[in-house]
Amino acid sequence: MRLLFFVLALIAAMPRLSLADDETVQWKEVGGWKVVVDKTLGNGCFVLTSFEDGTVFRLGFNYVKKESPFYILIGNVNWKSLEDGKQYPLEFYLDRSKWTVDASAVDLDGFKALWIDFKDSSLVAEFARKLSFRATFNGKEIVALSLKNSVKATDEMLACQKAVNAAVAQRPAPPQSKDPFEAKPGTQASDPFDL
């Protein structure tokens, strides 16, 4: 029980992280990677790092999308021509392992990035074991990144997610209204008895 209170207090006291929504809190920093909780993605933890050339790499859990609960986000300050919502076919590599994906462009308060959803959890394990991440668009390399300390980062992301899931599971259910005439959220009726 002490761990639960510690986790909840820690989440509440964590500073907000830039390049993410206002609904994110930093969990820990390990080996040059930030481990962060994103409340907007169903309290999914993610790892985040940035590079000198302005590239940002993020990998994490997305509990809002049940069919593809994992994602990678890569962006760069120079990618201003990305069109928000447009699909971009990419090939990405973790060392020599290759994936062909459709990435969606997103605009994070003026920072353009590519969002890749995936459902295969083995990709997270691959990420932890590999030394580099590369991505190509139309045959041209757009990023080549070192994944130094990705094992430590992934281990901490998994620890973060385990603690957050445990804390969320212990949260009491919202109180049920005892008013039988109260309208359910999102419903409107001109006759109060016609709910």
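Because only heavy atoms are used, hydrogens play no part in the values below, and waters and symmetry mates are left out as well, while side chains stay in. One is the number of the first residue; the rest follow in order along the sequence.
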Checking Asp38 side chain against Thr40 main chain: does a donor-acceptor pair fall under 3.5 Å?
yes
Is the backbone of Lys80 close enough, under 3.5 Å, to the side chain of Lys112 for a donor and an acceptor to pair up by distance?
yes
Between Cys45 and Val164, the two heavy atoms sitting closest are SG-CG2, 4.0 Å
Find out whether Pro69 and Phe61 are in side-chain contact, i.e. whether some heavy atom of one side chain is under 4.5 Å from a heavy atom of the other.
no
Minimum heavy-atom separation for Val35 and Cys160, please, with both atom names.
CG1-CB, 3.8 Å
Just verifying a value: how many Å separate Ile116 CD1 and Tyr88 OH, rounded to the nearest 0.5 Å?
13.5 Å
Hey, are the side chains of Ile142 and Leu90 touching, using non-hydrogen atoms and a 4.5 Å cut-off?
yes
Test item: Gln161 side-chain N/O and Asn43 main-chain N/O as donor-acceptor pair under 3.5 Å:
yes
hydrophobic_cluster_shared for Val151 and Leu158, side chain cutoff 4.5 Å:
no
Determine, using ring centers only, whether Tyr93 and Phe133 are less than 6.0 Å apart.
no
Are Val101 and Phe118 side-chain neighbours, meaning at least one heavy-atom pair lies under 4.5 Å?
no
Closest heavy-atom pair and its distance - Ala153, Val30:
CA-CG1, 3.9 Å
When you measure from the side chain of Trp33 to the backbone of Lys148, do you find a donor-acceptor pair of N or O atoms at a distance under 3.5 Å?
yes
May I ask you to decide if Gly110's main-chain N or O and Asp107's side chain share a donor-acceptor pair within less than 3.5 Å?
yes
How long is the gap from CG on Leu123 to CG on Leu94, to the nearest 0.5 Å?
6.0 Å
Path from Val106 to Val77 over hydrophobic side-chain contacts below 4.5 Å:
yes
Side chain to side chain, Val56 and Ile74, heavy atoms closer than 4.5 Å:
no
Side chain to side chain, Trp79 and Leu114, heavy atoms closer than 4.5 Å:
yes
Could you state the interatomic distance from NZ (Lys152) to CG (Asn149), rounded to the nearest 0.5 Å?
5.0 Å
Would Trp27 and Lys34 count as a side-chain contact (heavy atoms from CB on, under 4.5 Å) here? Give the steps.
CA-CA 8 Å; Trp27 169 264; Lys34 292 181 191 292; over 6 Å; no
Close side-chain approach of Ile72 and Phe46, heavy atoms under 4.5 Å
no
Distance from Thr136 atom OG1 to Lys98 atom NZ, nearest 0.5 Å?
7.5 Å
Does Val36 form a side-chain contact (heavy atoms from CB on, under 4.5 Å) with Lys28? I'd like the steps, not just the answer.
CA-CA 7 Å; Val36 184; Lys28 191 181 267 190; over 6 Å; no
Ignoring hydrogens and geometry beyond distance, is a side-chain donor-acceptor pair present between Gln87 and Ser104 at under 3.5 Å?
yes
Quick one, Glu67 with Lys119, criterion salt bridge (charged side-chain N to carboxylate O under 4.0 Å, His left out). Give me CA distance, side-chain angles, the key distance, then yes/no.
CA-CA 7 Å; Glu67 69 281 358; Lys119 60 184 167 189; over 6 Å; no
Listed by chain and number, what are the salt bridge (charged side-chain N to carboxylate O under 4.0 Å, His left out) partners of Lys86, not counting sequence neighbours?
Glu83
Do Thr55 and Leu145 come close enough that some side-chain heavy atom pair is under 4.5 Å?
yes
Taking atom CZ of Arg134 and atom CZ of Arg96, what is their separation to the nearest 0.5 Å?
9.5 Å
Could you pull out the closest heavy-atom pair between Asp102 and Pro89, with the gap in Å?
OD1-CA, 3.7 Å
Under a 3.5 Å threshold, yes or no: a donor from one side chain and an acceptor from the other, between Trp99 and Glu91?
no
Against Tyr71, only a single residue in Trp115, Phe57, Tyr63 fulfils ring-ring contact (aromatic ring centres under 6.0 Å, His included); can you say which?
Trp115
Ignoring hydrogens and angles, write down the donor-acceptor pairs under 3.5 Å from the side chains of residues 124-132, residues two or more places apart or on other chains.
unit_1	atom_1	unit_2	atom_2	d
Glu126	OE1	Ser97	OG	3.3
Ser132	OG	Asp95	OD1	3.1

Check: Arg58 and Val47 side chains under 4.5 Å, non-hydrogen atoms:
no
Please find the pair of heavy atoms, one from Gly42 and one from Val64, that lie closest to each other, and give the distance.
N-CG2, 3.6 Å
